[in-house]
Novice: 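Quick one: this structure, given as structure tokens, is what I'll be asking you about.
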Amino acid sequence: MELKNKATVSALGVAFAALLVPGLLAGGEALALPEGIETVKVAPTSKDHPLDEILSGWHFRSPETQALQEDDFENPAFLWVEQGEELWSTVEGAANKSCSSCHDDASETMATAGANMPKWNEALGKPVNLEQQINHCRTERMEADAWKWESTQLLAMTAYVRNQSRGEPVAVQTDGPMKPWFEKGKDIYYTRVGQLDMACSSCHEGYYGQQIRADRLSQGQTNGFPTYRFKWQKIGSLHRRFKGCMKNIRATPYKVGSDEFLALELYTAWRGQGLPVEAPAVRQ
Amino acid sequence: MQSRHTTGLKLFASLGALAVSIGFAAGAVAAPIAPQDVKIVDHKIDASLTGAAGNVEAGKKWFKGRKAGNCLACHENSDMASEAFHGEIGPSLDGVAGRYSEGQLRAILVNSKAVFGGETIMPSFYRANFGHRIAKSFKDKTILSAEQVEDVVAYLKTLGE
């Protein structure tokens, strides 16, 4: 019954989207943008930005993949968002609290948080990304166990929280205490690694828009994460994607949740500064 | 003086080739040159890495194989039109034998950086352990073996005008 309802709403949604959502001209074809997103292309805000146009990964995907992301009822990642919504008000841990005990209505309290991560955490003396902040709240505020990296719960909560910030332009702090982390991330981004001897920049800066065998290279932007991938048959974290790219060039990847990937996350977020958050995106 | 020297070298090279072909016939192939001993002079490596000529059919296989050269990931090649998905990162390799000599092609494959400069995205296929964080299973290994490089060179030589 519920499913049938969704299908009807979904069909309606598509019709409306086609009429109302501003079109983006790609290859002469006007395409509907993902729900809640006004643009997938912005101009760099700082002079020393290495790119002259900043494009969401959505821009580079096939029309079929784009269509799946256009509509929340079709987007397979919403299974995780719905699960995250349930967990939001689930009481757990010795403090007898749920996320909503402190943060109330996520659509209000989390309306920007997903666009500003990683963020400096004074108590920890280091930046935290969304996954780490969620776990920090679980262990320190709820007195519950941390969720494992890439567990269904952590992915679901990350997707749910970041989805509340959809449409909000990515804006991370890179100065002050964040500066050394930014520099470290930049260093990792430009360092060649692996038997194939490539850096992130080799593919995502030099050749975006071009075909690398069956894949069309994007700028490696992060505004869509966590992302549903056909290849994974599920939703996955940004760090999992970083790991995959490093493995493809036959390098020993850093660990998910490591300081190195955190620094890289900060730096890559800055490369997409201004792009609207699209989470959860759909990718090939 | 110089030309005599060259002639001497040529004679030496053909003797070498003769020795190799005899060796090959007898089933005793000399060990291929180690990656660290290969010298690139004037963007060329004239001598075969194995001492023998490569095999064109095998070269085709390494050219398209995703776990081998995976050249198609970055290069278009009309000779392989039946293969899906040709990359667009590097130039098309149509007619490449008309643009480069055998020695130049070998050098490009062995160490693309020595030919195109350090910034190139093209991997070096016969160099070992020069990079950072090389995954354990690829440590001390080249992407292609000396035989495979020779096979690919032999195949590239068939891509004439």
Side-chain angles (χ1 to χ4, degrees), chain A residues 27 50 60-62 64-65 184-220 230-231 239-240 242-256 258-261 263-264 284, chain B residues 35 62-77 80 82-93 108-145 148-149:
Chain A
F60 300 94
R61 303 289 47 102
S62 72
E64 296 77 30
T65 308
K184 180 174 171 177
K186 181 177 181 183
D187 195 51
I188 294 172
Y189 195 88
Y190 285 102
T191 302
R192 287 170 177 272
V193 291
Q195 192 198 35
L196 301 195
D197 199 32
M198 291 181 197
C200 314
S201 55
S202 307
C203 287
H204 293 298
E205 185 170 311
Y207 293 100
Y208 69 83
Q210 263 137 293
Q211 202 73 23
I212 186 157
R213 206 124 190 190
D215 262 330
R216 194 153 161 240
L217 280 173
S218 74
Q219 295 181 338
F230 304 131
K231 189 182 156 190
H239 291 197
R240 181 176 179 193
F242 285 168
K243 219 172 129 181
C245 279
M246 290 188 76
K247 278 187 166 171
N248 283 346
I249 49 178
R250 302 182 177 176
T252 306
Y254 298 104
K255 294 207 161 52
V256 293
S258 64
D259 284 354
E260 288 86 356
F261 273 169
L264 193 56
Q284 75 289 13
Chain B
W62 315 136
F63 188 99
K64 58 186 162 196
R66 284 165 210 264
K67 299 237 147 105
N70 200 11
C71 316
L72 267 192
C74 293
H75 293 284
E76 208 195 320
N77 177 7
M80 292 187 175
S82 60
E83 290 288 319
F85 306 122
H86 295 211
E88 320 173 315
I89 309 292
S92 160
L93 295 184
I108 291 172
L109 289 193
V110 165
N111 183 355
S112 56
K113 273 139 205 133
V115 180
F116 301 132
E119 286 304 301
T120 187
I121 191 177
M122 180 161 155
S124 297
F125 291 90
Y126 199 63
R127 270 175 94 193
N129 285 345
F130 50 86
H132 304 279
R133 296 189 75 83
I134 296 179
K136 235 197 199 140
S137 47
F138 297 102
K139 275 246 162 72
D140 297 315
K141 290 187 181 133
T142 55
I143 304 173
L144 294 177
S145 68
Q148 288 174 317
V149 170

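Basis for what follows: all heavy atoms, side chains included, without hydrogens, waters or symmetry-related copies. Every chain is numbered from 1 and lettered A, B, ... according to where its sequence line falls, protein lines coming before strand lines.
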Novice: Find the distance between CE (B:M122) and CE (A:M198) and round it off to the nearest 0.5 Å.
Specialist: 10.0 Å
Novice: Would you mind checking which part of A:L217 comes under 4.5 Å of any heavy atom in chain B, side chain (CB onward), backbone (N, CA, C, O), both or neither?
Specialist: side chain
Novice: Under the ring-ring contact (aromatic ring centres under 6.0 Å, His included) rule, collect the residues that match up with B:F125, sequence neighbours excluded.
Specialist: none
Novice: Does atom CZ of B:F85 have more than 12 heavy-atom neighbours, drawn from other residues, nucleotides or ligands, at distances under 6.0 Å?
Specialist: no
Novice: Taking the side chain as C-beta and beyond, is there a heavy-atom pair between A:R216 and B:E88 under 4.5 Å?
Specialist: no
Novice: How long is the span from the CD atom in A:Q211 to the SG atom in B:C74, to the nearest 0.5 Å?
Specialist: 11.0 Å
Novice: List the atom of A:R192, the atom of B:T120, and the distance in Å for their closest heavy-atom pair.
Specialist: NH2-O, 3.0 Å
Novice: Checking heavy atoms, do the side chain of B:T142, its backbone, both or neither come under 4.5 Å from chain A?
Specialist: backbone
Novice: So how far is it from A:I212 CD1 to B:L72 CG, rounded to the nearest 0.5 Å?
Specialist: 12.0 Å
Novice: Considering heavy atoms only, which positions within residues 199-207 of chain A lie below 4.5 Å of chain B?
Specialist: A:S202, A:C203, A:Y207
Novice: To check you understand the geometry: which heavy-atom pair defines the closest contact between B:E83 and A:R213, and what is its length?
Specialist: OE1-NH2, 4.1 Å
Novice: Does B:R133 make a cation-pi contact with A:Y254 (under 6.0 Å, within 45 degrees of the axis)?
Specialist: yes
Novice: Look up atom OG1 in A:T252 and atom CZ in B:F138, then write down how far apart they are to the nearest 0.5 Å.
Specialist: 10.5 Å
Novice: Taking side chain as everything from C-beta outward and backbone as N, CA, C, O, which of these in B:E76 sits under 4.5 Å from a heavy atom of chain A? Side chain, backbone, both or neither.
Specialist: neither
Novice: Need one label for B:K113: side chain, backbone, both or neither, based on atoms under 4.5 Å from any heavy atom in chain A.
Specialist: side chain
Novice: Would one find more than 12 heavy atoms of other residues, nucleotides or ligands at under 6.0 Å from atom NZ of A:K247?
Specialist: no
